[in-house]
Amino acid sequence: MSIRVVVPQIGQSIAEAVIVKWYKKPGDPIEKGETLVEIGTDKINTEIPAPVSGIVEKLLVEEGTTVEVNTEIAVLSDMRGAGKATEIVRLEAQGFHSEAPLTPQRASVETSDVRHSPFVRKLAQEHNIDLSHVRGTGDAGRITKDDVLQFIEQQKTQEIQETSDVERIPMTRIRKLIAEHMVLSKRTAADLTTFFEIDMSAVVREREIAKEIFENQYALKLTYLPFVVAAVSRALRKFPVVNSSIEGDFILYRKECNIGIAMAVEDGLLVPVIRRADEKSVLDLTRAVADLAERARARHLSADDLQGGTFSITNPGVFGALMGTPIIHQPQVAILGIGAVVKRAVVIQDAITIRPMACFSLTYDHRAMDGAVADQFLAHIKKTLENECPPALK
Amino acid sequence: MITYLEAIRQALSEEMEADPRVFLLGEDIGAYGGAFKVTAGLQEKFGEERVIDTPISESAIAGVAIGAALSGLRPVAEMQFIDFIACCFNMITNYAAKAHYCWGASIPIVIRGPYGGGVHAGPFHSQCVESFFLNTAGLKIVAPATVLDAKGLLKAAIRDPNPVLYLEHKFLYRRLKDDILRDVFVPLGQAVLRREGKHLSIITYSAMVHVALEAADQLARSGIETDVLDLRTLSPLDEDSVLQSVKKTNKVLLLHEASRFGGFGGELAAIIAEKAFEYLDGPIVRVAAMDTPVPFGSPLEETYLPNAAKVFEAARKLMGY
């Protein structure tokens, strides 16, 4: 039977490799495990052992050629199958792919299949090192503690050399966590964003009436946000799937409306949670937001403050953004972005009039709900804010 | 300068002076001064009532000691060779070790005796018996490696309210000499670093501490700096010191003179794997005696016992891993 040899996957980021040297020529016998070819990448050179014993039939690629991963580069014949015609056909039909997991994995033993000691793994994790870049000096090329420590030192030296026009600074912990979480969310959710323009006149009016009382009686600064939170929690009650999360093949409907409010802090973003937002008045919500904001700035939020959210609101409008396409805070299924409230000429009852408008955007996970629900949800918020603005004073 | 053996004698003498409840019993320990002369002169000094020659019956020695302890005395019983402790195994494991747990009765006895090989004394006079007892809750086990510890740990053992097995290494009896203070006291349950290094931890006790130090000297010539941790007390174990050293060096070699299979190394390895797994940069390696009785003939015994060359070889291999 013929065995087609393909370039193995060497490390995760490698797409192509150079055939550096053939160790055998056509007609040579070869033992399983004996070096067949040396291939190189921009990172390392690796000797690839033969996946089976047999005879080298053909070498398909010349030395010095660059080939993509999974390209067929040689054909070996395995003596065992010779003469059994029917078997040959079947095996050839399946080709090498029937044994494909064998060859690429075996062949790449020297790089990705090496087992690392627990301490080496711990070190690599702590310093965020891809061990496939570290050269091992231990038995059988094993990476030792010293190899990793040396690699870390080298990286540091490199960093110093690079300071001329690039400053290389490791991510802070919070930055790293945000980065991981955002990528996770993008990878997990089938997310898309829908937009509604909302007339904020009623909210602006309500706020004008109440803001001095809030200031004088409660020493609270009344913003638009608590009105929006109130409107959102009503809509969540009406459309419970927006308040859900996904776990495997299940949708978990959350009984509480715990709304996370994204807050920019030095070097990052936190999403503290207002619990049971649907049971709170505008005054209570104002208090809750003020308290969370204060503690977020002072770095006094507890883990509990940051957990248990069922829906999130982010407010790019505070910096003037007209609209945003926020990323879902996993494992929730939707997030609302509030654009800046700006006065705009709008047509109402065929008259052009000036209204404070804001663009609301809802990023939602299409796995959990469809556009109809998402748009009805936003429409519900729009209706609440425009027609029956949640009262600030009761 | 006094020897390891004299340090033991000093500890006995000082504790007997300090506390009239302390007395000695054993075979030929009185007029004859003991098979190794550990108790020489003590009967003259303290009288026949406090240094008692017994019949040749280890069961009787242990039984009398336990009874005396229950009556308020603090006996120190000698096994002529620690191998013979097997004869009073039941007294120790089923009675002394459990008395406090079962009846709230404190049994402050010390059972001491010459332990270990290297003196061509054959299979009945060379054994390391700690593993027989490590699996018995309620016993403390002490194995000093230095002159100072021989004295300090014995004093601590005598003052301890529990049954303590004190394993004195006969190879060290007259080979170790040191200047020590009169009033030394080494608390039970504390290991000590005999040498500090960053590449490798050798964890050991008793006479093997000296083997480890010799091997560490050789390793240092190849640039390998070794932590040599002397456990001193096997039970209760100073786990913190063990884990601290492992977390520092990330490579561990466990060394003991007792046979490998079922030896203390296995327990230490398990503790390290359970509590410091993430810190290991290589397999946990054991160097121990072979799994046979202790041979009599010199070449055989030398082959049987761990030595610096074997430790060096194992350490080199581990460092290359």
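Within every chain, numbering begins at 1; the chains are lettered A, B, ... in the order of the sequence lines, protein sequences first and strands thereafter. Because only heavy atoms are used, hydrogens play no part in the values below, and waters and symmetry mates are left out as well, while side chains stay in.
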I'd like a table of all donor-acceptor pairs linking chain B to chain A (distance under 3.5 Å, no angle check), giving the atom names and the distance to one decimal.
residue : atom : partner : partner atom : Å
B/T249  : O    : A/K145  : NZ           : 3.0
B/N250  : OD1  : A/K145  : NZ           : 2.7
B/E278  : O    : A/F119  : N            : 3.3
B/Y279  : OH   : A/K122  : NZ           : 3.4
B/L280  : O    : A/S117  : OG           : 3.3
B/L280  : O    : A/F119  : N            : 2.8
B/D281  : OD1  : A/S117  : OG           : 2.5
B/D281  : OD2  : A/K145  : N            : 2.7
B/G320  : O    : A/D139  : N            : 3.0
B/Y321  : OH   : A/R142  : NE           : 3.4
B/Y321  : OH   : A/R142  : NH1          : 2.8
B/Y321  : OH   : A/R142  : NH2          : 3.3

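Counting heavy-atom neighbours within 6.0 Å of B/N135 CG, excluding the residue itself, gives a total of 12 or less.
Residues of residues 254-269 of chain B never come closer than 4.5 Å to chain A when only heavy atoms are counted.
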